[in-house]
Colleague: 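Got a structure for you, questions after.
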Amino acid sequence: MSISSSMVRNIRKTLKIFPHVRRIDTLSAEYPAYTNYLYMSYHAYRHDIDYEGDGRSVVVLGSGVYRIGSSVEFDWCCVNTLKVLHSEGYRSIMINCNPETVSTDFDECERLYFEELTLERVLDILELETPKGTIVSMGGQISNNLAFPLHQNKQRILGSLATSVDEVEDRYKFSKALDILGIEQPMWKEFSKMNDIQTFIREVGYPILIRPSYVLSGSGMNVIFNVEELRYFFDKLETSEHSVVISKFIENAKEIELDAVAHKGDLIYHAVSEHIEFAGLHSGDATLVYPPQNIYLSTFQEIERISKQIAQYFHISGPFNIQFISKNNRIQVIECNLRASRSFPFISKVSGFNMIRLATEVMLGKLTNPCGIFFSFNYIGVKVSYFSFSRLPGTDPVLGVDMVSTGEVGCLGNNFYECLIKAMLSAGFSVPVKHLLISGEISSLKEDFINTIKLLVYKGYKLFSTEEIYPFLMDYGLTSKLLSWPGVHHFPNVFDYLRKKKIYFIINIPHNKYSEIDNNYTLRRSAVDFNIPLLTNTSLAKAFIRAFCKEELTIAEWKSYLTV
Amino acid sequence: MKKILVIGSGALKIGEAGEFDYSGTQALKAIKEEGIETILVNPNIATVQTSEGIADKIYFLPIYPKFIKKVIEKEKPSGLLLSFGGQTALNCGVKLFEKGVLKKHVLKVLGTPIESIIASEDRDIFRDKLNTMNIKTARGIVVHSLEEAFSASEEIGFPIIIRTSYALGGLSSGFAHDKKELATLIDIALSHSSQILIEESLKGWKEIEYEVMCDRYGNCITVCNLENFDPIGIHTGDSIVVAPSQTLPNSEYQKLRTFSLSIARAFGIIGECNVQFALSPNSEDYRLIEINARLSRSSALASKATGYPIAFIAAKLALGYGLHELKNYVTQTTSAFFEPSLDYVVCKFPRWDLKKFSRSSTQIDSSMKSVGEVMSIGGSFEEAFQKGLRMLDIGLEGFINPKKKR
Amino acid sequence: MNDPIARLILQKDDKEYIGHLFGAPVSSSGEVVFNTSMTGYTESLTDPSYKGQLLVYTYPIIGNYGIPNIGKNISDFSESENIHINGLIISDYSHHPYHWNMRYSLSYWLKKNGVPGIYGIDTRALTKKIREEGTMLGKIIINHDIPFYDPNQENLASKVCINEKTIYGHGKYKVLLVDLGVKNNILRCLLNRNCQIIRVPWSSDFSKEDDYDGILLSNGPGNPKTYHKVIKHVEYALKDNRPIFGICLGNQLIGLAAGVNTFKLKYGHRGYNQPVLLEGTSKAYITSQNHGYVLDVQILPPNWKILFQNINDGSCEGLIHENKPFFSVQFHPEASGGPIDTEFLFDWFIECMHSSNKLYR
């Protein structure tokens with residue numbers, strides 16, 4: 001017999017089996033203590049606290065466990081939401097279960113439930129608290145996924161409608177909506193069988209992007225270049241209750257992000273930022289620049305227009321984020337989330353305008369006027385991802401559509417290059433003292449990359465290269481020292497040079513994922529193990545080289561930028 | 001003290017994650033409360049500590065001596081807090097000390113003196129100090145040949161672990177139970193490296209941690225102890241951890257607690273430190289594994305597990321307060337000099353994301369691989385354990401027999 | 001949950017608390033007190049100071065590491081040979097205990113000693129009740145009902161102390177130990193410090209003894225004011241110059257003999273985390289405590305000073321005489337269970353005997 005969890009819940013309630021709320025008071029109840037630090041237990045007879053039932057509280061759902069793709073940024077969003085709730089005169093109630101966070105500091109809210117972010121437990125708490133409403137859009141995907149089930153259980157969600165959240169999260173429904181709105185998107189189709197996919201691929205051609213619905217940080221997402229890779233992907237695929245969506249993957253396209261706040265369908269604030277890397281790299285791993293430095297005014301306007309349309313269509317109230325790709329002046333939407341995104345804290349701090357404050361005020365129903373947009377010619381911010389490959393023995397330090405960074409840093413500077421260098425240094429890179437090694441795939445090394453290499457040579461850096469790259473550089477009149485692969489017992493050998501720390505920086509552009517050449521993997525892995533900075537993306541490598549060949553760095557505190 | 005410089009931990013990484021945002025934020029609040037100006041250096045722009053109203057000035061700059069030095073020159077602070085930014089901040093502080101930057105700018109390291117930090121991190125000084133205190137540490141001998149390995153094994157006794165620092169910079173290790181196994185392992189190890197560490201094996205021993213607070217008067221408490229569900233050999237960060245310890249009778253609990261306090265005093269800790277022990281499952285035998293003379297992942301966990309705001313109090317202690325002069329932050333009436341009593345059980349579960357990485361191994365061992373954690377609180381071990389599994393958001397309903405499911 | 005049902009009834013409550021039985025299947029009553037320590041049930045259950053009490057653990061899981069071998073040897077992991085509590089009240093009993101030196105399960109040991117236990121009780125709710133309404137009488141009912149029993153009406157020391165004078169050890173310092181329900185660890189602490197112990201029953205007239213270097217008044221159960229005889233004897237001893245050291249009940253008796261009053265705390269100190277401050281210094285210690293009565297030190301007799309103070313509630317944690325080697329503490333420097341941070345007080349005592357020895361001879 002199959003029985004749903006909601007049925008069990010109802011039976012349990014009829015039998016009057018309830019968990020009770022207990023206080024954490026550090027003294028095992030030995031002295032009276034009126035703390036706001038709570039948990040729930042079926043072992044308790046009665047609640048340690050009394051409930052007001054006055055509808056003056058607002059519950060915020062936290063981000064739960066940190067994982068790749070959901071981390072401290074959502075903690076920042078939650079903490080800021082709590083602050084606004086407090087200043088607006090509401091009792092702020094936090095539910096979260098992650099001990100690494102500030103949002104689970106009982107000092108940050110009026111009441112902290114150190115509890116599960118499961119439907120069952122959240123309902124238990126909401127039924128006791130009877131709040132004005134619940135905010136699900138600040139804790140990332142885990143809390144956002146509860147929007148619809150909570151709504152089905154007659155709980156009031158503050159902000160965008162739970163049905164809208166559901167429509168946007170379901171890729172099928174969302175893509176359909178874009179079609180209705182006439183907004184361009186990469187060609188897509190929903191599949192469950194391998195056979196149908198072949199027909200679609202014949203239509204659009206490789207490469208394609210496969211992704212299941214309801215994903216954060218691209219888990220299960222993949223770019224597929226040929227039929228072997230496709231088979232490999234399906235062999236690994238785990239069955240999921242949500243659909244799999246396949247879309248045309250557009251190469252060498254620019255990726256642009258929009259973080260915004262809307263009020264009842266009207267866009268009232270937005271921020272546009274750009275990636276340094278081309279699309280295909282997960283946005284959580286990409287290097288983000290804000291305000292953008294390389295976007296046409298027309299692109300800006302087009303993004304604004306599309307965002308307004310989407311905000312209106314889904315009647316968005318609160319924070320949201322849209323990812324665009326742009327190629328040859330064609331703007332396409334690739335993803336949308338009706339919640340605060342990973343980049344909200346970065347965007348808010350660079351501009352000095354707290355988007356979470358605005359979003360929370362909107363969700364509380366406070367009248368809010370359009371706030372204009374931030375733009376500065378005086379300084380910019382760059383966000384760089386941090387990778388923990390050195391902690392994971394044997395892993396290949398390559399980046400793709402699946403997010404692998406564990407953290408990020410963001411710095412401010414007077415110009416792009418200064419800012420980038422600060423951020424890259426913060427993320428553990430170092431400026432090479434003398435020798436650089438260039439290796440990997442030739443096809444992605446274009447003319448402008450050669451110009452960057454020339455700048456290096458001009459600055460006095462010495463180049464090393466591996467077998468494919470050596471003649472390629474020669475063709476452009478660049479001399480480099482050829483190093484043989486680790487497996488080959490030839491001198492000079494790459495491995496020897498790495499071990500003796502004769503190489504200060506490595507650029508290795510990887511081949512496609514499944515047809516990996518082992519020499520390149522060994523080289524990349526050794527770079528990580530010997531702690532030699534490694535870049536695997538041409539766009540970022542170019543930017544970084546240009547950056548460290550440039551000027552002095554300024555030391556200035558946050559607020560001094562904002563007041564310029 | 002008018003102006004204090006606090007160094008953050010930078011990007012979140014495996015082994016150094018959100019806990020330092022939490023502890024740094026608390027420390028900044030504690031200092032601000034005293035009317036002292038705070039300067040924070042941390043390039044992690046997504047953190048709470050780098051928000052409006054936490055520190056007076058924020059520098060989004062790399063945690064490198066070169067940059068910190070420039071901030072010191074510009075801001076001229078009189079105090080420096082290193083213990084709230086993990087190993088990153090500590091290493092940077094030690095470099096500034098060694099380069100004479102701190103001396104030149106008459107910058108005082110608050111809390112645990114920097115010499116103590118260095119002593120606690122140096123294997124040799126650490127071992128010598130504990131030997132003089134008659135506290136046992138795991139025995140280890142560096143060898144260069146098979147003969148040396150044999151004599152080392154006689155001195156230490158089987159089973160032993162052979163650790164080699166081999167080509168790719170990773171550590172390889174193996175267990176040997178007799179001379180024959182040792183010979184085989186040494187043979188392989190010598191082909192990779194000329195130096196091999198032979199250490200007594202503590203395989204299967206319990207791993208117990210104590211979180212210690214100490215003030216400048218030498219008053220010490222343990223905020224809580226933590227017992228690893230997984231034995232020695234699995235990194236604490238990858239282990240399920242339970243608070244308080246579940247399998248230790250009073251005598252074992254108090255013995256390790258007393259050692260923790262005397263170690264904290266001997267190293268001159270002012271603030272917080274974390275002491276890790278291996279405890280035999282078959283006797284009262286133990287080994288001290290390491291101490292962390294700074295806030296750690298475990299201290300954030302211990303704070304949340306007990307309600308005792310370790311980082312907040314540690315910052316006050318660094319400013320010169322005595323533990324007995326501070327109030328219990330939770331009750332507001334009782335003293336901060338006390339040891340929390342729990343009337344519940346706490347479990348911490350790690351979460352891995354290894355599937356995202358190409359060519360990653362899913363084996364857990366002595367180096368940490370998890371990217372996040374949850375903490376569950378229950379009125380019984382079962383309740384806490386089941387909650388924890390659900391909190392991980394990996395599709396588990398709890399520890400249930402999958403065959404019985406449906 | 002196959003264990004039979006057990007009921008807990010409190011004198012000040014019309015409600016019945018339903019739980020499950022472990023230990024001996026007999027009804028039992030006594031004074032309900034709680035303890036906030038997280039380990040050390042073996043030590044507490046064998047601590048004579050708990051005589052006649054129904055002990056509630058605020059820590060929910062009890063019994064995890066079983067019970068070690070408990071014999072007549074004072075070097076064992078216990079505070080006496082017997083269980084002194086009348087019943088154990090807990091939230092969750094560990095049915096599958098394990099430890100390398102475990103001999104029995106807690107349930108088996110309780111059963112062997114005829115003491116019942118009840119689990120499945122919300123001990124936090126119970127603790128809050130005791131905290132708010134003060135210690136109360138209660139009973140654990142298995143089959144048939146029994147009347148409430150108030151242990152404070154009795155002289156409990158006679159039930160827990162030895163019957164005749166016993167000598168332990170051959171050390172240099174002769175300690176006259178007045179046994180009011182002494183914990184084994186006090187004996188161990190003295191024996192480890194080169195002492196010979198002359199252990200006498202609480203009621204004996206120790207003023208008749210002469211061959212000793214110092215007196216130690218032990219811990220023990222009940223209301224200190226019921227010990228008229230001992231107070232008399234202490235008054236006599238205070239006239240002498242030989243060192244006196246009092247622990248817990250011993251502290252209260254020294255106080256009463258010196259002219260200090262005692263009163264009952266609303267909720268006693270029972271746990272391993274009680275902070276005390278050495279008066280006039282910045283030295284603070286975590287102590288193990290188990291007492292319901294305390295000295296009222298608003299007015300102190302001449303020549304007496306406060307030695308320690310509780311940092312939480314400011315209550316008196318010990319007295320010291322200004323010019324004679326007399327001192328006493330309300331907490332347990334011998335711990336067991338609990339932190340041993342104040343074990344140095346035994347060294348003080350030895351030091352006192354050492355220097356007064358020199359003065360004498």
Colleague: So for B:Phe20, is it side chain, backbone, both, or neither that comes closer than 4.5 Å to the heavy atoms of chain A?
Modeller: neither
Colleague: Taking C-beta and beyond as the side chain, do B:Tyr22 and A:Thr104 meet within less than 4.5 Å on heavy atoms?
Modeller: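 No, their side chains stay 4.5 Å or more apart.
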Colleague: In Å and rounded to the nearest 0.5 Å, what is the CD to NZ distance from A:Glu115 to B:Lys387?
Modeller: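 Here the rounded value is 3.5 Å.
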Colleague: Counting only non-hydrogen atoms closer than 4.5 Å, does B:Leu40 touch chain A with its backbone (N, CA, C, O), its side chain (CB onward), both, or neither?
Modeller: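 For B:Leu40, neither part sits under 4.5 Å from chain A.
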Colleague: Taking everything shown except A:Asn531 itself, do over 12 heavy atoms lie less than 6.0 Å from its CG?
Modeller: no
Colleague: Determine the interplanar angle of the A:Phe106 and B:Tyr329 rings, folded into 0 to 90°, and report it as parallel if under 30°, tilted if 30 to 60°, perpendicular if over 60°.
Modeller: tilted
Colleague: Report yes if some heavy atom in the side chain of A:Thr406 is under 4.5 Å from a heavy atom in the side chain of B:Leu12; otherwise report no.
Modeller: no
Colleague: Tell me, out of B:Leu301, B:Leu392, B:Thr47, who's got the most heavy-atom pairs with chain A below 4.5 Å.
Modeller: B:Thr47
Colleague: With a 4.5 angstrom heavy-atom cut-off, could you sort out which part of B:Glu383 is near chain A: side chain, backbone, both or neither?
Modeller: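 Only the side chain of B:Glu383 comes within 4.5 Å of chain A.
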Colleague: Looking at B:Val41, B:Val71, B:Asn44, which one has more heavy-atom pairs under 4.5 Å with chain A than the rest?
Modeller: B:Asn44
Colleague: Rounded to the nearest 0.5 Å, how far does OH of A:Tyr386 lie from CD1 of B:Ile14?
Modeller: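 Atom-to-atom, B:Ile14:CD1 and A:Tyr386:OH are 9.5 Å apart.
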Colleague: Which of these, A:Lys83, A:Arg357, A:Lys559, sits in a salt bridge (charged side-chain N to carboxylate O under 4.0 Å, His left out) with B:Glu52?
Modeller: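 When salt bridge (charged side-chain N to carboxylate O under 4.0 Å, His left out) is applied between B:Glu52 and each of A:Lys83, A:Arg357, A:Lys559, only A:Lys559 qualifies.
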Colleague: Pick one of side chain, backbone, both or neither for A:Tyr31, based on which atoms fall under 4.5 Å of a heavy atom in chain B.
Modeller: side chain
Colleague: Name the option with the most non-hydrogen atom pairs under 4.5 Å to chain B; the candidates are A:Val79, A:Thr35, A:Thr101.
Modeller: A:Thr101
Colleague: Give a yes or no on whether B:Lys66 atom NZ has more than 12 heavy-atom contacts from other residues, nucleotides or ligands under 6.0 Å away.
Modeller: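 For B:Lys66, atom NZ is not crowded (no more than 12 foreign heavy atoms under 6.0 Å).
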Colleague: Counting only heavy atoms closer than 4.5 Å, note whether B:Tyr64 contacts chain A via side chain, backbone, both or neither.
Modeller: side chain
Colleague: Among A:Ala29, A:Ser390, A:Ser41, A:Pro19, which residue has the highest count of heavy-atom pairs closer than 4.5 Å to chain B?
Modeller: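 Max contact count across the listed options: A:Ser41.
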Colleague: Against chain B, work out which of A:Asp105, A:Asn98, A:Thr118 has the most heavy-atom pairs shorter than 4.5 Å and name it.
Modeller: A:Asp105
Colleague: Heavy atoms, side chains only, cut-off 4.5 Å: are B:Asp353 and A:Arg67 in contact?
Modeller: yes
Colleague: Just so I understand: if I count every heavy-atom pair under 4.5 Å between each of A:Arg391, A:Glu73, A:Lys422, A:Lys349 and chain B, which residue has the most?
Modeller: A:Lys349
Colleague: With a 4.5 angstrom heavy-atom cut-off, could you sort out which part of B:Ile54 is near chain A: side chain, backbone, both or neither?
Modeller: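 Contact with chain A: side chain only.
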Colleague: Let me know if B:Asn328 has heavy atoms under 4.5 Å from chain A in its side chain, its backbone, both or neither.
Modeller: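 Just the side chain, heavy atoms under 4.5 Å.
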Colleague: Return the CZ to CG distance between A:Arg23 and B:Asp343, rounded to the nearest 0.5 Å.
Modeller: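 One finds 12.5 Å between CZ of A:Arg23 and CG of B:Asp343.
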Colleague: Can you tell me if B:Ser341 and A:Ser28 form a side-chain donor-acceptor pair at under 3.5 Å?
Modeller: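 Checked: B:Ser341/A:Ser28 side chains pair up, N/O donor to acceptor below 3.5 Å.
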Colleague: Using side-chain heavy atoms (C-beta onward) and a distance below 4.5 Å, is B:Lys304 in contact with A:Ile24?
Modeller: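 Side chain of B:Lys304 against side chain of A:Ile24, heavy atoms only: no contact under 4.5 Å found.
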Colleague: Does A:Tyr42, at its OH atom, have more than 12 non-hydrogen atoms belonging to other residues, nucleotides or ligands within less than 6.0 Å?
Modeller: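 For A:Tyr42, atom OH is crowded (more than 12 foreign heavy atoms under 6.0 Å).
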Colleague: Before giving the answer on side chain to side chain contact (heavy atoms under 4.5 Å, CB included), spell out for B:Met375 and A:Phe114 the whole-Å C-alpha distance, their side-chain angles and the decisive distance to 0.1 Å.
Modeller: CA-CA 8 Å; B:Met375 183 185 98; A:Phe114 210 103; 3.6 Å; yes
Colleague: Based on non-hydrogen pairs under 4.5 Å, which of B:Gly372, B:Ser23, B:Pro62 is most in contact with chain A?
Modeller: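 Option with the greatest count: B:Pro62.
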Colleague: If you apply the rule side chain to side chain contact (heavy atoms under 4.5 Å, CB included), what do you find for B:Glu373 with A:Tyr66, and how did you get there?
Modeller: CA-CA 6 Å; B:Glu373 63 189 37; A:Tyr66 282 176; over 6 Å; no
Colleague: Top residue by heavy-atom pair count (under 4.5 Å) with chain B, among A:Gly428, A:Ser385, A:Gly407?
Modeller: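 Of the options given, most contacts go to A:Gly407.
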Colleague: Contact part of A:Tyr113 toward chain B, heavy-atom cut-off under 4.5 Å: side chain, backbone, both or neither?
Modeller: neither
Colleague: Just wondering, do A:Glu116 and B:Ser376 contact through their side chains at under 4.5 Å, heavy atoms?
Modeller: no
Colleague: Could you measure the distance from the CG atom of A:Leu27 to the CD atom of B:Glu339? Nearest 0.5 Å is fine.
Modeller: 12.0 Å
Colleague: In Å, rounded to the nearest 0.5 Å, how long is the span from OG of A:Ser70 to CG of B:Asp393?
Modeller: 9.0 Å
Colleague: CD1/A:Ile555 to CD/B:Glu75 distance, rounded to the nearest 0.5 angstrom?
Modeller: 11.0 Å
Colleague: Which region of B:Thr334, side chain (C-beta onward) or backbone (N, CA, C, O), has a non-hydrogen atom less than 4.5 Å from a non-hydrogen atom of chain A, or is it both or neither?
Modeller: side chain
Colleague: If the threshold is 4.0 Å, N to carboxylate O, is there a salt bridge linking B:Lys13 and A:Glu408?
Modeller: no
Colleague: May I ask you to say whether A:Asp402 pairs ionically with B:Lys356, meaning some side-chain N is under 4.0 Å from a carboxylate O?
Modeller: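 Yes.
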Colleague: B:Glu19 versus A:Pro99: any side-chain heavy-atom pair under 4.5 Å?
Modeller: no
Colleague: Does any non-hydrogen side-chain atom of A:Pro393 lie less than 4.5 Å from one of B:Lys369?
Modeller: yes
Colleague: Ignoring hydrogens and geometry beyond distance, is a side-chain donor-acceptor pair present between B:Thr331 and A:Asp25 at under 3.5 Å?
Modeller: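 No, A:Asp25 and B:Thr331 have no side-chain donor paired with an acceptor closer than 3.5 Å.
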Colleague: Please determine, among A:Gly352, A:Gly394, A:Gly64, the option with the most heavy-atom pairs under 4.5 Å with chain B.
Modeller: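 Max contact count across the listed options: A:Gly394.
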Colleague: Using a cut-off of under 4.5 Å for heavy-atom pairs, which of B:Val371, B:Val48, B:Leu354 has the most such pairs with chain A?
Modeller: B:Val48
Colleague: Side chain, backbone, both or neither: which part of B:Thr50 has an atom under 4.5 Å from a heavy atom of chain A?
Modeller: both
Colleague: So for atom CD, which belongs to B:Gln332, do other residues, nucleotides or ligands contribute more than 12 heavy atoms lying within a distance under 6.0 Å?
Modeller: yes
Colleague: Relative to chain A, which of B:Ile63, B:Val374, B:Thr333 shows the most heavy atom pairs under 4.5 Å?
Modeller: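 So the answer, after comparing B:Ile63, B:Val374, B:Thr333, is B:Val374.
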Colleague: Based on non-hydrogen pairs under 4.5 Å, which of B:Tyr308, B:Phe338, B:Phe349 is most in contact with chain A?
Modeller: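 Most heavy-atom pairs within the cutoff with chain A belong to B:Phe338.
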Colleague: How close do B:Ser360 and A:Thr395 get, counting heavy atoms only, and between which atoms?
Modeller: CB-CG2, 3.1 Å
Colleague: Could you tell me if A:Trp76 and B:Ser51 have a donor-acceptor pair between their side chains, going purely by distance under 3.5 Å?
Modeller: yes
Colleague: Counting C-beta onward and ignoring hydrogens, is there a side-chain heavy-atom pair between B:Ile377 and A:Tyr37 closer than 4.5 Å?
Modeller: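 The answer is yes; the side chains approach within 4.5 Å.
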Colleague: Using the six-membered ring of B:Tyr344, assess whether NZ or CZ of A:Arg22 lies under 6.0 Å from its centre and within 45 degrees of the ring axis.
Modeller: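 Relative to the ring axis of B:Tyr344, which defines the angle, A:Arg22 lies outside at least one limit.
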